[in-house]
Amino acid sequence: MSKLGITASQTVGPFLTIALKADGQEYIVPETVEGALKLSGRVYDGEGQVVPDAVIEIWQANIFGKYDHPEDTSDFEIINDFSGFGRSCTDKDGHFFFITLKPGRVPGRGNTLQAPHVSVNVFARGMLKQQVTRIYFSDEVKANTEDSVLNSIDDDSARNTLIAQRKEGNDGILEYTFDIHLQGKMETVFFDV
Amino acid sequence: MSEPLEYSRKSKNDHPPARYEGYKSTVHRSPQRKPIKIEHTLTEVTGPLFKNEKIDAGESDLSIVDGQEAQGQRIYVSGKVLDEDGKPVPNTLIEIWQCNAAGRYKHAVDQHPAPLDPNFTGKGRIVSNEKGEYKFTTIKPGAYPWGNHYNAWRPAHIHFSLFGPAFATRLITQMYFPDDPLFAFDPIFNSISDEAVRKRMISKFDLDTTEPDFALSFKFDFVLRGREATPFEGQD
């Protein structure tokens, strides 16, 4: 069959919030749910300036490591009110956040297990197409060492850009910080998927 | 579990580069390191399907707000969401946003001195039907100036956001209108070097689906990434 050409990407532009911002879209679960955690950070450009017109989207498995999607044919349970998708538009200081649960481990290629991770799409004014990255968790040391995607990154400092750091000494909700650097010395690792 | 079948890689070459100097804002917002290739896992071949999302029929009609009609040229924008093999992509969420007929977005950052229209928000949503079809009723957006370079104007366009079946099929793009005199001067449109790929972002005027005494019709099909061919395909 002859293939049709794909529709190419174009920037979201500066007015993305008109359609892409909605109340509550950062909450994959309510804050009151047991195990709820806050994943937050800021988006920076190559000059260290914050990016106030970005939208971050995440996609993840549930706590059992099950994606709510027909191609995940594992026996793990789907949790009906856990969609696994969230969206957060950055504020004037470049902040985004999500309230979610840590995903379980999902299969990788070749009979492996991936470390708990969240997939991320980054869109912004000044970006002609999205950049794709992943968020891993600093308190999953063992699983992280077994993850083939993390292990495909040779440079330690680059690899560390993918690891959300757990804040210590916090009495309230568990918090993890994950900043996104679109360019520069601290540039986040982005993936070709 | 067997290995997931990858989504096509070659088609990604049609996207614009991360950095395109003509579009100045890309200069500091484009990664300098080469992205690292991930072989697709369950993470990439799954994605949000919005089964529980409640969408009103009225959300696909941007031309009326609270029973009041927006100013400007009423149009239909309709077509199909397909994959590279021409197969329809059903039940997929489509979100749009656009400026009004005068070229003004309903957004605090937009300071273009063109009138806002109280009856136009410029925001719409729909889910494609079983055949992958969608249809919006809206107002033809105007051109508007921007600060990229001296006398810079964007060609009229509607922003479209689509999900498709997987994280790997996510697409945000802009749909343009035929014969826009601004195409030649727009760095966002021209960030794509291949003319054939650029032309695929331009809708077609369609007299057959134009509604007499009511609305002009523009047709536009989206093509999302398809699956890589399996070794068994093509043996029929």
Side-chain angles (χ1 to χ4, degrees), chain A residues 1 3-20 45-47 49 51 53 57 59 61 67-69 71-74 83-85 106-110 114 117 119 121 123-132 149 152-153 158 182-183 187-193, chain B residues 1 3-4 11 14-18 20 23 25-26 28-33 35-49 52 82 84-86 95-97 105-107 109-110 122-123 159 161 167-168 170-174 188 191-192 196-197 200-201 222-226:
Chain A
M1 199 189 289
K3 293 261 184 186
L4 298 175
I6 61 153
T7 308
S9 174
Q10 295 273 270
T11 182
V12 292
F15 309 121
L16 59 124
T17 55
I18 292 174
L20 302 184
D45 71 11
E47 296 203 298
Q49 300 294 312
V51 177
D53 37 22
E57 289 181 352
W59 170 243
Y67 286 108
D68 186 0
H69 189 280
E71 287 201 35
D72 188 339
T73 54
S74 68
S83 70
F85 175 76
V106 300
R109 293 186 80 91
Q114 306 190 59
H117 67 278
S119 277
N121 264 320
F123 302 88
R125 177 181 69 82
M127 295 177 73
L128 285 160
K129 56 186 173 185
Q130 71 257 45
Q131 293 294 338
V132 174
V149 170
S152 69
I153 304 160
L182 297 177
Q183 191 188 79
E187 186 173 304
T188 302
V189 169
F190 295 106
F191 293 109
D192 171 11
V193 300
Chain B
M1 202 183 295
E3 302 285 9
S11 61
D14 287 350
H15 290 308
Y20 182 75
Y23 176 21
S25 304
T26 64
H28 298 299
R29 294 186 172 191
S30 46
Q32 286 163 327
R33 275 199 301 249
I36 293 174
K37 184 178 168 180
I38 296 184
E39 284 188 287
H40 293 170
T41 69
L42 214 43
T43 302
E44 286 74 33
V45 302
T46 58
L49 300 177
N52 301 325
L82 303 168
E84 288 172 78
D85 297 314
E95 297 162 292
I96 67 171
W97 68 102
Y105 283 91
K106 191 176 173 354
H107 191 290
V109 168
D110 189 355
K123 160 190 187 170
H159 295 265
S161 157
F167 183 78
R170 183 80 176 100
L171 173 73
I172 296 186
T173 185
Q174 300 179 23
I188 294 179
S191 63
I192 294 163
V197 180
R200 295 205 295 262
M201 300 190 294
F222 292 90
V223 180
L224 304 179
R225 288 168 86 181

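Throughout, a chain's letter reflects where its sequence line sits, starting with A, and its residues are numbered from 1.
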> Is there a side-chain contact between Gln130(A) and Arg170(B), using heavy atoms and a 4.5 Å cut-off?
Replying inline: yes
> For the candidates Pro4(B), Pro31(B), Pro35(B), which exhibits the highest count of non-hydrogen atom pairs separated by less than 4.5 Å from chain A?
Replying inline: Pro31(B)
> Of the listed residues (Ile172(B), Thr46(B), Asp110(B)), which shares the most heavy-atom pairs with chain A below a 4.5 Å separation?
Replying inline: Thr46(B)
> Who are the side chain to side chain contact (heavy atoms under 4.5 Å, CB included) partners of Ser119(A), not counting sequence neighbours?
Replying inline: Trp59(A), Thr43(B), Phe167(B)
> For Val189(A), is it the side chain, the backbone, both or neither that has a heavy atom under 4.5 Å from a heavy atom of chain B?
Replying inline: both
>> If I measure from the heavy atoms of chain B, does Val51(A) come under 4.5 Å with its side chain, its backbone, both, or neither?
In response: both
> What part of Tyr67(A) gets closer than 4.5 Å to chain B, counting heavy atoms only: side chain, backbone, both or neither?
Replying inline: side chain
>> What part of Glu187(A) gets within 4.5 angstrom of chain B, counting heavy atoms only: side chain, backbone, both, or neither?
In response: both
>> Looking at every non-hydrogen atom in both residues, tell me the closest pair between Asp14(B) and Arg200(B) and how far apart they are.
In response: OD2-NH2, 2.7 Å
>> Could you work out, with side-chain hydrogen bond (donor to acceptor under 3.5 Å, both in side chains) as the rule, every residue matching Arg225(B), not counting sequence neighbours?
In response: none
> Okay, side chain of Gln114(A), backbone of Pro107(A): is any donor-acceptor separation there less than 3.5 Å?
Replying inline: yes
> Picking from Ile96(B), Leu224(B), Val109(B), Val45(B), which has the most non-hydrogen pairs under 4.5 angstrom with chain A?
Replying inline: Val45(B)
> Using a cut-off of under 4.5 Å for heavy-atom pairs, which of Leu16(A), Asp45(A), Ile18(A), Asp53(A) has the most such pairs with chain B?
Replying inline: Ile18(A)
>> Let's test your reading of the structure: which of Leu82(B), Val197(B), Asn52(B), Leu49(B) forms the most heavy-atom pairs below 4.5 Å with chain A?
In response: Leu49(B)
>> Checking the side chain of Thr41(B) only, and the main-chain atoms of Arg109(A) only, is there a donor and an acceptor separated by less than 3.5 Å?
In response: no
> If you count heavy-atom pairs under 4.5 Å with chain A, which of Pro17(B), Gly226(B), Gly122(B) comes out on top?
Replying inline: Pro17(B)
>> Heavy-atom pairs under 4.5 Å with chain A: which of Ala196(B), Ser191(B), Ser30(B) has the most?
In response: Ser30(B)
